[in-house]
Amino acid sequence: MSFNDSAQLDTSQVESGGSRGGGGGGGFPGGIQVGGGIGGLILLILTLIFGGNVLGGGDSGGSSSGGLPSQQLQSDQVSAAGQVPDASIAACKTGADANRNDVCLVVATVNSVQDYWTKQLPKYQMNYEPAKTVIYQGQTSSGCGTANSQVGPFYCPLDSKVYVDASFFQELQSKFGADGGQLAKEYVIAHEYGHHIQNLLGILNRAQQDPQGPNSGAVRIELMADCLAGTWVKHATETTDANGTPLLNEITEEDIKSGLSAASAVGDDRIQEKMQGRVTPENWTHGSAEARMKWFTQGYRTGDINQCNTFGVQTVS
């Protein structure tokens, strides 16, 4: 979905990872948490194959990461240390900026998703608690450990923040087959905020209790986040900036195809086949490409978070 050129962006909802050093919170054995990120299955596969502590995790709730090596942002977007500088975020003023710059796209999508949940959750007798997104390049710290260039977008429940290396979108297209459209990128952000909603509901840690398998708690948590992202897409054109100006233009069939291409690209089966040459469902942590598209579509079709209860069905495929 493209953004309304005249919409005003609120950069206070994001922060730069440039001022943050390495390190982070305590960790699980092996440094992996699954269940809180768009691409945690990639990191899990890489670690199972090659070993090593790629990401230090926290001690509760499902933060996760996508283990995609990042390409560099354009030179005017990245500081000498490889981190997104505050100036790059501050330059994100309007929807027109978001339509031509991925850092600004993250800002605009965060604005839209948080406006949606602020308006939507009271309909379900809940209040929304905002969560900031940290945009970084190279390396930064989180409450769940160090995020570096091998880590894709993830949500950390220990500090209630989303972490995004904006260059991930290039990898999503070039290495994993998403089409590079706007909704393919926006879906990634909306999925991570789905994990924030799960954290507010107190169910995110179910991913840790049952971490692997095609119908595991981890997979159900991820597919629920896909569905919650779909409900945002259904209502995205209703979201506005602080002046009441719509943030997004009308959705098209091409937009939906773009979102589905991203959901499919990060299916366990697709990535396992690409990374290890075979599919092993017993190791799934995020769900098959078919299941991810199914639950994203369920959210988009109904626009109702009650229809996203992946724990209420016998099988999620």
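We're numbering straight along the sequence, starting at 1. Values below: every heavy atom of this structure, side chains too, minus hydrogens, waters and symmetry copies.
A perpendicular orientation is assigned to the rings of Y128 and H196, their planes being inclined by more than 60° (bins at 30° and 60°).
Put simply, the side chain of E192 never gets that close to the backbone of V162: no donor and acceptor are under 3.5 Å apart. Side-chain atoms of Q298 come within 3.5 Å of backbone N or O of Q307 as a donor-acceptor pair. In terms of modelled atom types and a separation under 3.5 Å, the side chain of T297 and the main chain of M293 share a donor-acceptor contact. Panel note: side chain D97, backbone C104; no donor-acceptor pair is recorded below 3.5 Å. No donor-acceptor pair closer than 3.5 Å links the side chain of N199 to the backbone N or O of H195. Within the 3.5 Å criterion, the main-chain N or O of D179 finds a donor-acceptor partner in the side chain of S261. Between the side chain of Q8 and the backbone N or O of N243, no donor-acceptor pair lies under 3.5 Å.
The residues E15 and K161 are annotated as salt-bridged, a charged nitrogen and a carboxylate oxygen being separated by less than 4.0 angstrom. Between K185 and D102, at least one side-chain N (NZ, or NE/NH1/NH2) sits under 4.0 Å from a carboxylate O, which counts as a salt bridge.
D159 and Y163 share a side-chain donor-acceptor pair at under 3.5 Å. A donor and an acceptor atom, one from each side chain of S167 and Q137, are located under 3.5 Å apart. Between R292 and S264, the side chains place no donor N or O within less than 3.5 Å of an acceptor N or O (distance only, hydrogens not considered). Side chains of T146 and Q139: a donor-acceptor N/O pair is absent below 3.5 angstrom, by distance only. Side-chain atoms of D10 and S12 include a donor-acceptor pair closer than 3.5 Å.
For the side chain to side chain contact (heavy atoms under 4.5 Å, CB included) with D226, the lone residue among H286, K294, H191 that qualifies is H191. With S2 as the fixed residue, the side-chain hydrogen bond (donor to acceptor under 3.5 Å, both in side chains) test singles out one of N249, D255, N99, T252: N249. Only one option out of Y116, W117, Y300 pairs with H235 in a ring-ring contact (aromatic ring centres under 6.0 Å, His included); it is Y116.
The number of heavy atoms from other shown groups lying within 6.0 Å of CD (E282) is above 12. With a 6.0 Å radius and a threshold of 12 heavy atoms from other residues, nucleotides or ligands, E273 has its CD atom above the threshold. Open room surrounds CD on E129; 12 or fewer heavy atoms of other groups in view lie less than 6.0 Å from it.
Side chains of T231 and C308 form a contact here, defined as non-hydrogen atoms less than 4.5 Å apart. Counting only heavy atoms from C-beta outward, the side chains of L228 and Y193 never approach each other to under 4.5 Å. Looking at K93 and L9, their side chains never come closer than 4.5 Å, going by heavy atoms from C-beta outward. Between L121 and I197 the shortest side-chain heavy-atom distance falls below 4.5 Å. The shortest side-chain heavy-atom distance between V134 and S16 does not fall under the 4.5 Å cut-off. Taking 4.5 Å as the limit, every side-chain heavy atom of S216 sits out of range of all side-chain heavy atoms of W284. V14 is not listed as a side-chain neighbour of K132, based on a closest heavy-atom distance of 4.5 Å or more. Contact of the T133 side chain with the I135 side chain is registered, since non-hydrogen atoms from C-beta on lie closer than 4.5 Å.
For the residue pair N215 and Q314, the shortest heavy atom distance occurs at OD1-O, 4.0 Å. Closest of all the heavy-atom pairs between A7 and T245 is CA-CG2, 4.2 Å. D5 approaches T94 most closely through the heavy-atom pair O-CB, 3.4 Å. Scanning both residues, P211 and A218, for their nearest heavy atoms gives O-CB, 3.3 Å.
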For a side chain to side chain contact (heavy atoms under 4.5 Å, CB included) check, start with the C-alpha distance between T239 and N111, then their side-chain angles and the critical distance, and finish with the verdict. CA-CA 9 Å; T239 63; N111 288 177; over 6 Å; no
Before giving the answer on side chain to side chain contact (heavy atoms under 4.5 Å, CB included), spell out for W232 and T109 the whole-Å C-alpha distance, their side-chain angles and the decisive distance to 0.1 Å. CA-CA 10 Å; W232 164 73; T109 305; 4.2 Å; yes
Assess whether side chain to side chain contact (heavy atoms under 4.5 Å, CB included) is satisfied between D268 and S288, documenting all intermediate values. CA-CA 5 Å; D268 282 289; S288 68; 5.9 Å; no
Do R206 and R220 pass the side chain to side chain contact (heavy atoms under 4.5 Å, CB included) test, and can you show the C-alpha distance, the side-chain angles, and the key distance before you say yes or no? CA-CA 9 Å; R206 295 182 72 170; R220 290 174 189 270; over 6 Å; no
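Rounded to the nearest 0.5 angstrom, C92 SG and L105 CG are separated by 9.5 Å. In this structure, Q212 CD and N283 CG are separated by 5.0 Å, a value rounded to the nearest 0.5 Å. In this structure, CZ on R301 lies 13.0 Å from CZ on F296, to the nearest 0.5 angstrom.
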